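Structure, as structure tokens:
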Amino acid sequence: MSKLRFKVVEEAFDRKAVKVDIPKERPDEYYGKYVFNRKAMYKYLPKATFDGLVYAIDHKKPLSRVLADSVADGMRRWAIDNGARHYTHWFHPLTDGTAEKHDAFIEHDGKGGVLEEFSGKLLVQQEPDASSFPNGGIRNTFEARGYSAWDISSPAFILDKTLCIPTIFISYTGESLDYKTPLLRSLNAVDKAGTAVAKFFDSKVKHVISYLGWEQEYFLVDEALYSARPDLVMTGRTLMGHESAKNQQLEDHYFGAIPSRVEAFMLDLEIECHKLGIPAKTRHNEVAPNQFELAPVFEETNLANDHNLLLMSLMAEVARRHNFRVLLHEKPFAGINGSGKHNNWSLGTDTGVLLFAPGKTADENLQFITFVVNVMAAVYKHNGLLKASISSATNAHRLGANEAPPAIISIFTGKQLARVLENLENSNAAELESLSGKMGKSVGIYQIPEIMIDNTDRNRTSPFAFTGNRFEFRAVGSSANCASAMLALNAAVADQLNDFAAKVNNRVSRGEALKQAILEEVKSLIVYSKPIHFDGNGYSEEWKQEAAGRGLDCETSVPKIFDSYLDTKSVEMFERTGVLNRVELEARNEVKWEMYTKKVQIEARVLGDLAINHVIPVATRYQSILVDNLVKIKSLFDDAKAQKIINQDLQTIETISEHMSVIKEDIERLVNARKRANSIDNERDKAIAYHDEVIPLMEVIRYHIDKLELMVDNEMWPLPKYRELLFIR
Ligand code: ADP
Ligand code: MG
């Protein structure tokens, strides 16, 4: 066998579970140990500082300079007491992942020694030289300055002995260069808009909060096997590899017993999560072999998103302790399920009401229906944009395949909610006059508490499903920053709620009763948003046709899907809600197209290398063994017998030659296609060229490599095969 493959398979095979260092304290004692939460603040800050900071956080107010100095002082002492020696502003640039630049807590003291130093100024704002972060042309390199500014709504934490301060990242001229800034703006927008509508039902409501509970799917691969696959190392996915005989067809992995090495990893990861205040709760095997999931208890969206980003870096680190590599790519292996990150999303009031949960009274249920239909209308109006918000070069491999949400956004409501909406739509004006118990019953709202909408009525094929008290945006990719989807969704819903409130108020000012006005507007939204409602099989061919007929966005080319960000209706919506302006949207699209191109470009290069330097030489060697064998056979058998054997072997030799020649030709065409694409200046056109010209060639090349894998002597094949990557653990 290829020496390297033989060695890594053996290494992976012999690996035992790593012992986990379980803390002596109880979970509630170490939970949040590395977070500068209210408990830590109370201990380390003077009373007045504590009160001032809590007030600023709760009322979304800026910190005064004096207060900031005092907070920084306490934060520094807390961090050093807990082992930190450095601090960093932690932000989410427009690349994947997070960015940080560490500084030590020291300054010269002027007497040849050092002082511990961390001022309010350093806490609140910094100017990282960030010229090499993607900015879509907003900043030229001569104006390299960007500001990072503390987001006080998200607590500071210690990771790897470094105090991390969550920050937003904006340009010198104020445009956002990150995900957090527009996410926070969208949360403010949905708070304001949602509060105005919630006040129709309860005047005591002061805030509407957006919640997010993500479910993170991932694969684990033994690190020795991983290291022997240049495609996994460089691109996060396998660019070649024939399906193994067994994959997920027996459905024996989902919810199956967790392998012991994996269980040790999960336990270790959860303990780390809990120390960082990430409420990791659920873990299980996923559908594909070596695929798993982690889900936390849901939290306020900004915090939940910080926690997801933090989780993704923790996973990579903890996996290495267990001699695993974690794959967050949406489609690491062809032919089996890819990984998503379901975004369970809901809105709730500061008075404790979950707005997508049916209530006990007719009034509560009118509120429930009001929020649900506004979401449906927003998702319908911006279905193209929401698809753009989850699209990427990597997620493209997952969407539209028979395992994941289709590349068309629709909403699944389930039978019970569908019936309620239908009843409401068909009720006549007389019935809607008042919302007494009787009347509630007649429109079907009243029945909801008796029926209780539950989770049994499920549809796994829907990209956006109502699941009892929340919506589940399932199309989000496993490697994505959830903020991309969450800021588009919250902004679209905020804009829709603003429109709804204005229309209701208009009716009321013309003398209509409030409840009557709400019902009339709800009815019209039910009618308006019908095309987005689809409870059938989202994987079917018929749905694609029907969706096109309904006018839903059916574009499948990712670079073109990004165009939705610049549609007039998207730009207007983002500007009205104050979430992103046109300059920011244009700059972001430049970044998206550029990232798309770069990812495909890297894959194409790696595939070229694998084909020419790994596969072709081995196939040639095997072929020459077969040829040598022919000569020997000839000398051994009489003519008739030899000819029969030779004919069979010649067939094999010929097939191998054919595959090799297609690979060689197409690699050359691939190189030329890249050259042509690279000469294009416009980022959008370049990304389209990569999508249209480069990707199809990569697929053809892969097809022929995978055929060779089946023919060439197993002992000679250089790279770990799917059956080894997916079943050794
Ligand atoms: P399933 O896989 O059945 O959809 P999980 O238990 O894996 O469910 O994940 C459900 C996720 O949804 C969890 O993160 C949970 O905290 C979250 N969730 C539950 N209720 C809400 C809600 N009202 N708003 C947002 N997220 C929620
Ligand atoms: Mg789910």
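Note that ligands are numbered from 1 as they come in the structure, with each ligand's atoms numbered from 1 the same way. Basis for what follows: all heavy atoms, side chains included, without hydrogens, waters or symmetry-related copies. Keep in mind that this is a model prediction, so the values were computed, not measured.
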- line: If you compare Ser210, Ala465, Ala304, Pro296 by their heavy atoms, the one closest to atom 14 (O) of ligand 1 turns out to be Pro296
- prompt: Is the closest side-chain donor-acceptor distance between His397 and Glu330 under 3.5 Å?
  reply: no
task: Report yes if the distance between the aromatic ring centroids of Tyr34 and Phe157 is under 6.0 Å, otherwise no.
output: no
task: Go through ligand 1 atom by atom and flag the ones less than 4.0 Å from a non-hydrogen atom of Val297.
output: 16 (O)
- request: For the residue pair Thr577 and Arg185, confirm or rule out a side-chain donor-acceptor distance under 3.5 Å.
  value: no
- request: Classify the side-chain pair Ser210/Glu300 by whether it contains a donor and acceptor separated by less than 3.5 Å.
  value: no
- prompt: Would you say His284 touches ligand 1, if touching means a heavy atom closer than 4.0 Å?
  reply: no
- prompt: Is Ala295 in polar range of ligand 1, meaning some N or O pair under 3.5 Å apart?
  reply: no
Row check, Phe464 ring normal vs Arg474 NZ/CZ: under 6.0 Å, within 45°: no
task: Nearest heavy atom to atom 8 (O) of ligand 1 wins, so pick from Glu215, Glu217, His342.
output: Glu215
- prompt: Hey, are Lys331 and Asn395 close enough side-chain-wise for a donor-acceptor pair under 3.5 Å?
  reply: no
query: Considering residues, nucleotides and ligands other than Asp21, do more than 12 of their heavy atoms fall under 6.0 Å from its CG?
result: no
Any N/O pair Ser346/ligand 1 closer than 3.5 Å: yes
query: Judged by non-hydrogen atoms, does Glu293 sit under 4.0 Å from ligand 1?
result: yes
- line: Taking only non-hydrogen atoms of Leu354 and a 4.0 Å limit, the atoms of ligand 1 in range are 23 (N)
query: Relative to the heavy atoms of Asn469, which atoms of ligand 1 are at a distance of less than 4.0 Å?
result: 20 (N), 23 (N)
field: Part of Asn344 with heavy atoms under 4.0 Å of ligand 1, whether side chain, backbone, both or neither
entry: both
- prompt: Does a donor on one side chain sit under 3.5 Å from an acceptor on the other, for Asn374 and Gln496?
  reply: yes
field: Part of Lys281 within contact of ligand 1 (heavy atoms, under 4.0 Å)
entry: neither
field: Polar proximity ligand 1 side, Leu212 side, N/O cut 3.5 Å exclusive
entry: no
